[in-house]
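Numbered from 1 within each chain, the chains take letters A, B, ... in sequence-line order. These numbers come from a predicted model, not from an experiment.
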Amino acid sequence: MEYKNTLNLPKTDFPMKANLPVMELEIQKYWDEINIYDALLEERKDSDLYVLHDGPPYANGHIHIGTAFNKILKDFIIKYKNIRGFRTPYIPGWDCHGMPIEHNVTKELGPKIKEISKLELRKKCREYADKFVNIQKGEFKRLGVFGDWGNPYITMSNVYEADIIDNFGKLVEKNFIYRGLRPIHWCMKCQTALAGNEIEYEDKESPSIFVKYKWVGENKFFLIWTTTPWTLPANVAVAMHPDEDYVEVDSSFGSLVMMKKLFESVKGKLNDLSMKIVKETKAKDYLDKIYLHPIDANRTGRVITADFVTTDTGTGIVHIAPGHGYDDYQAGIKFNLDIISPVEKDGTFSQSVEKYAGINVFKANAAIIEDLKLEGSLIFEEKFSHSYPVCWRCKSELIFRATEQWFLDVEKSNLRERLLREIDSTKWIPAWSKERIYNMVKTRPDWCLSRQRSWGVPLPVLYCKKCGSPHIKKSTIDKVRDEVLKHGSDIWFEKETKELVGEIKCDKCGGTEFEKETNIFDVWFDSALSHSAVVKKRPDLRWPSDLYLEAVDQHRGWFQVSLIVSTATDDRAPYKEVLTHGLILDKNMKKMSKSLGNVFSPEMICKKYGAEIIRLWFASIDYTSDAPFGEELLKTSLDTYFKIRNTIRFMLGNLGENDLSKIKIEKEEMHKLDRYILSRYARTRKRILEYYDNYEFHKVFREFYNFIVNDLSSFYLDVLKDRLYTYAKDSKERQSGLYTVYLLLNDMLKQIGPILPFTAEQAYMHFKKPEKKKSVHMETIDNTFDSYLDAKIEENFDFLNSVRGNALMALEKMRNSGEIGKSVEADIILSPRNEETRKLFEEYKDILSQIFIVSNVEIKDETGEEFQDRKLSYALKAEKAEGEKCARCWLYLDTVGQDEKHPQLCEKCAEAVKSEV
RNA sequence: GGGCCUGUAGCUCAGUUGGUUAGAGCGCACGCCUGAUAAGCGUGAGGUGGUUGGUUCAACUCCAACCAGGCCCA
C-alpha cells in the first residue's frame with residue numbers, strides 16, 4: 001500500500017469544476033487589468049494588419065442570441081487572426097438613429113408627446129440609444145469578445161454625423177441625388193407618414209368593383225377590377241398579366257376584355273348568361289393600347305403588363321395608380337408612367353380633381369361608385385373583405401399617398417453595372433451569397449433616402465421660400481457638415497438658415513430666404529457610411545476592409561447599402577470578403593419571438609452556464625444555414641466542455657511542477673508512442689488551421705474534439721499513465737512522455753483559444769512553461785510543429801491500432817465472462833502470419849503491452865484452434881496474465897519478487913523506488 | 001407570387017469527380033475500473049438518407065415536382 005506514495009500521480013490547482021459564471025468574471029477582470037485589447041495591438045505593432053469591420057447592431061433593447069452569435073463568430077476570427085500573428089483592431093459600433101427608437105420613446109412618452117419639441121424628442125432618443133449602447137457593450141464584453149470597447153463607433157456622434165453629411169455632399173456633387181414622387185403609407189388623421197413597423201393590419205370590408213374602360217376609337221372595353229374606387233381619379237394605366245391568356249367576350253354590357261381564367265367567375269358575377277367568348281388573345285396583343293380615363297374624359301391611359309396581376313380574383317386586368325400603391329408605383333417606374341396623387345395631407349381630394357375636390361377619399365368612394373353607375377361604366381359591385389393597414393396609434397385606415405422624396409439614383413453613371421461588377425470581384429462566403437445579392441442589386445429600385453421622422457441625421461437641403469425650389473449644393477452641404485462636426489446634428493434644428501450656411505441665393509428665382517428640410521436620412525444611409533466614418537477615418541484601420549460578417553438578412557441591408565455608397569463615391573466595394581451566417585431559431589427550427597416565449601437571453605445563459613458554453617455551441621454548428629438553439633442543446637456543449645476541460649486538467653496535472661525548460665529531447669530520442677501522437681497531432685492541427693483559414697469553425701471544433709476524445713483521452717493519455725506514474729522520475733521514457741504532453745498542451749491551448757478564450761487563459765495561468773506571455777492570446781501559432789510529421793510511424797500505428805481494436809474486443813469477452821476486470825489482468829498472444837507483420841510486431845515489441853494496457857504481450861507461432869480469423873495477417877488471443885502482480889504498477893510480471901529489498905515489486909518498479917531515495 | 005438557402009441516426013456534424021455492408025462524436029443501454037474519481041476505459045444498439053418520380057448497369061450524391069422550415073422582396 002505504501003508504494004502508492006512513490007508514484008508520480010497528477011497534481012494541479014486547475015479546478016475540475018469550472019464554475020464558469022464566476023471564473024469567467026475573474027478572467028475578465030484580469031484582462032481588464034492587463035488591458036488585453038491594447039496589449040495585443042502593442043504586441044503585434046509591427047505585424048500585418050487584418051481588418052474585420054463590425055456592422056453596427058441597433059441600440060435598442062438587450063442583445064439577443066442572434067446578436068451574440070454574430071459577435072462571437074467575429075470574435076473567433078479576430079482571435080484566430082491575432083494568434084496567427086496579425087494585428088487585429090476591432091472597433092465595435094452601434095446604429096443609434098431611426099424609427100424603432102423614436103417609436104419606443106414616443107410610446108413611453110404617451111400623450112406628452114404633443115407637448116415636447118422636436119429637439120426635446122431627439123434628446124430623449126439620444127439618451128435612450130446611449131443607455132442601450134452601454135448595456136449591450138457590457139453584454140458583448142461578457143461573452144469574451146475582444147474589442148475597442150472604450151472607443152467604439154456611434155452613429156449619433158458628431159464625427160459620424162458629419163461624415164454622413166459629407167458623403168451626401170459627395171453624392172450630390174456626382175449627381176446621384178434627385179427628388180421624386182413616391183407613394184408612402186399615410187395616416188390622414190395624424191397627417192404623417194408611417195414606417196413599416198408602425199403599421200398594423202385589421203380586417204376590413206372594401207367595395208370591389210368591375211369597371212369598363214372604353215378603348216379610344218373602338219367600341220370595346222377593358223373590364224378592370226379594383227378595391228379602391230377613390231384611386232380611380234389617379235388612374236394612368238391598366239395592367240395585364242404578361243403570361244396569361246385573355247379573351248374578348250360579347251355580353252349585354254358590350255364587348256369586354258378579361259383574363260381567360262376568370263371568364264367563368266366574371267360571367268357568374270355579372271349574371272349574364274348570354275356572355276360568350278368570341279376571341280382568344282394574349283396580353284401582348286393589347287400592350288400600349290389607349291383607353292379613355294374612367295373619370296376624366298379628357299385624359300387617356302394605356303395598357304401595361306405586370307406579373308403581380310392576380311389570376312384568381314377580379315377580372316385579370318388591374319387599374320394602376322402609381323401615386324397610390326406600391327406595386328402600381330413600381331410598375332409606373334418601369335413603364336415611365338406619371339405619378340399623380342391628387343390627395344391632400346388631410347385625405348381630401350385636391351383642386352385638380354374638380355368633381356370631388358375637398359371630399360375625403362373614403363367618403364368619395366360612394367360618390368365615385370354612384371357616378372360610374374350612372375355612366376353605365378360600373379357593371380358590378382360587391383363587398384370584399386381583406387386585411388387592411390391601419391395606423392398603430394389612432395387605428396384609422398391608411399392610404400398610399402405620393403409625396404416628394406429624395407432618392408439615390410442607381411442608374412446614374414452606370415452605378416448598377418458597377419455594383420454588379422464589384423459584387424463579382426468580391427469573395428462571398430458561402431458562394432451562393434453572391435447570387436443572392438447579385439439578383440437583388442440587379443432589380444432593386446432607386447434608394448429612397450428621406451424619412452418623415454425626427455430621430456436621425458437631417459437631410460441638408462434648403463427650399464427657397466419664394467419659389468419653393470430646393471437648394472442642394474456641395475458647398476452649402478459642406479458648411480452644414482462643419483457645423484454638425486462642431487455641434488452635432490441638433491444644430492440643424494437649432495440655428496437659423498443663415499447662421500448655418502451663410503448667405504445663399506436661389507438658382508431659380510434669386511430668392512435669399514430659405515426653409516430647412518424637415519426630413520431625415522433613412523438609417524440605412526447612416527450605417528452604410530461606416531466604411532467611411534470608421535474604416536477610412538480611424539488611423540488604426542485600413543480601407544477597404546478585409547471582411548464584413550453578418551447574418552443573411554444583410555444582403556438587403558448593410559452589405560448592400562454599404563456597397564452602394566462606397567461604389568458611388570469610391571468606385572469600389574468597401575470589403576474584400578463578405579461572410580454570411582444563418583439565423584438562430586428555436587429548438588424546433590421555428591423563428592424565435594417574444595410572443596412564442598422561446599427566446600433566450602445570452603445574459604441568462606452566461607449566468608447559468610457561462611459564455612464558454614454558448615461559444616462552444618456556436619463553434620459546433622455549421623453557420624451557413626439556420627441553426628436551432630435551446631437549453632437542451634446547450635447541455636450537449638456542457639458535456640463537451642467538461643471533456644475538453646478534464647483532458648486539459650489531466651495534462652496540467654501530469655506536467656505538475658516539473659521544470660520543463662530542462663527537458664529537451666530530440667525527436668529521434670523520443671518514445672515511439674510519443675513520436676506517433678506528435679505526428680498525429682501535427683497532422684490534425686494542420687487541418688485545424690486550414691479550417692480556421694476557411695472560417696469553418698464547426699470543422700475546427702470537430703477536429704479538435706475528436707482528437708481529444710479518440711487520440712488523447714481514450715488512447716494516448718490512457719496508455720501514457722503507466723509510464724508517467726510508475727517509471728522513475730528522471731527516466732528517459734517518462735521525460736519523453738512529459739515533454740510530449742507539454743508540446744501538445746502548449747499548442748492546443750493556442751488552437752482552442754479563439755473558441756474558448758476564458759478556459760484557454762485559465763489553463764495558461766496554470767501552465768508551467770518557459771518564457772510565458774501575459775496572456776495565452778499573446779502567443780503566436782507557427783509551423784514548427786510540422787517537424788513532428790512522420791508518415792511512416794503513423795502508417796505503422798494505423799495497423800497497430802487495428803490490432804489494438806481486436807485486442808480490446810478479446811479483452812471485453814474475458815471481462816464479460818468474469819475472467820478479468822481491468823485489462824492488465826490479461827496477456828495478449830500475437831501470432832503473425834506473414835513476414836511483414838512479424839517484422840512490425842518485433843519492431844514495436846517493447847511497447848505493445850503498453851498500447852494494449854495488458855501485462856505481457858507474447859509473439860509466437862500459431863498453435864491452437866483459438867486462432868480462427870483467417871482474414872487478418874495475424875492471429876490474436878487474450879489470456880489471463882501469468883506472473884505475479886506488482887504491488888506498485890499492478891502489472892502481472894515475471895520479475896516480481898526478484899528484488900531482495902522490494903519483493904513485492906517488479907524489476908522496473910524496484911529500480912524506480914531505489915532511484916527516488 | 002418572386003429571389004436565395006436548408007432538410008443524412010435522439011442531437012451536432014462527415015461523406016472525395018455518382019461505384020462495395022452510409023461514418024464520427026455526443027446522448028442512450030450494458031459492463032469494467034476506483035492511481036484523471038462530481039473523473040477514466042470498453043462493448044453495443046440506433047439511419048425507408050424530407051417525399052414522390054426520372055436519368056443511369058449503379059444515386060445520399062445528377063434532374064424534376066412536391067412537402068416542411070428560414071431570410072429577403074412583393
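Here G7(B) sits opposite C67(B) as a Watson-Crick or G-U wobble pair (both hydrogen-bonding atom distances under 3.5 Å). In this structure, G18(B) forms no base pair with any nucleotide, since neither Watson-Crick nor G-U wobble geometry is met with both distances under 3.5 Å. Base pairing annotation: G44(B) forms a Watson-Crick or G-U wobble pair with C28(B), both donor-acceptor distances under 3.5 Å.
Below the 3.5 angstrom threshold, one finds no donor paired with an acceptor across the side chain of K699(A) and the base of A14(B). Contact of R436(A) with C71(B) (side chain to base): a donor-acceptor pair of N or O atoms is detected under 3.5 Å. Between the side chain of R702(A) and the base of U12(B) there is at least one donor-acceptor pair of N/O atoms closer than 3.5 Å.
Once the 5.5 Å centre distance and the 30° plane angle are applied, the aromatic ring of W890(A) is found stacked with the base of G35(B).
Contact between the side-chain N/O atoms of Y725(A) and the OP1/OP2 oxygens of A36(B) is found at a separation under 4.0 Å.
Regarding R645(A), its CZ atom lies at a distance of 18 Å from the P atom of A36(B), rounded to whole Å. Straight-line distance from the CZ atom of F852(A) to the P atom of U43(B): 14 Å, rounded to whole Å.
For G46(B), the O4'-C1' to base torsion is within 90° of 0; the nucleotide is therefore syn.
Aromatic ring centres of F767(A) and Y742(A): separated by under 6.0 Å.
For the C1' atoms, the distance linking G69(B) with U51(B) amounts to 15 Å, nearest Å.
A side-chain donor-acceptor contact under 3.5 Å links D522(A) and W447(A). D827(A) and Y892(A) are not linked by any side-chain donor-acceptor pair at a separation below 3.5 angstrom, with hydrogens and angles left out of the test. Using a 3.5 Å distance cut-off with no hydrogens or angles, the side chains of T228(A) and H324(A) do not pair a donor with an acceptor.
No engagement by T640(A) is indicated, since no non-hydrogen atom pair under 4.0 Å with the nucleic acid exists.
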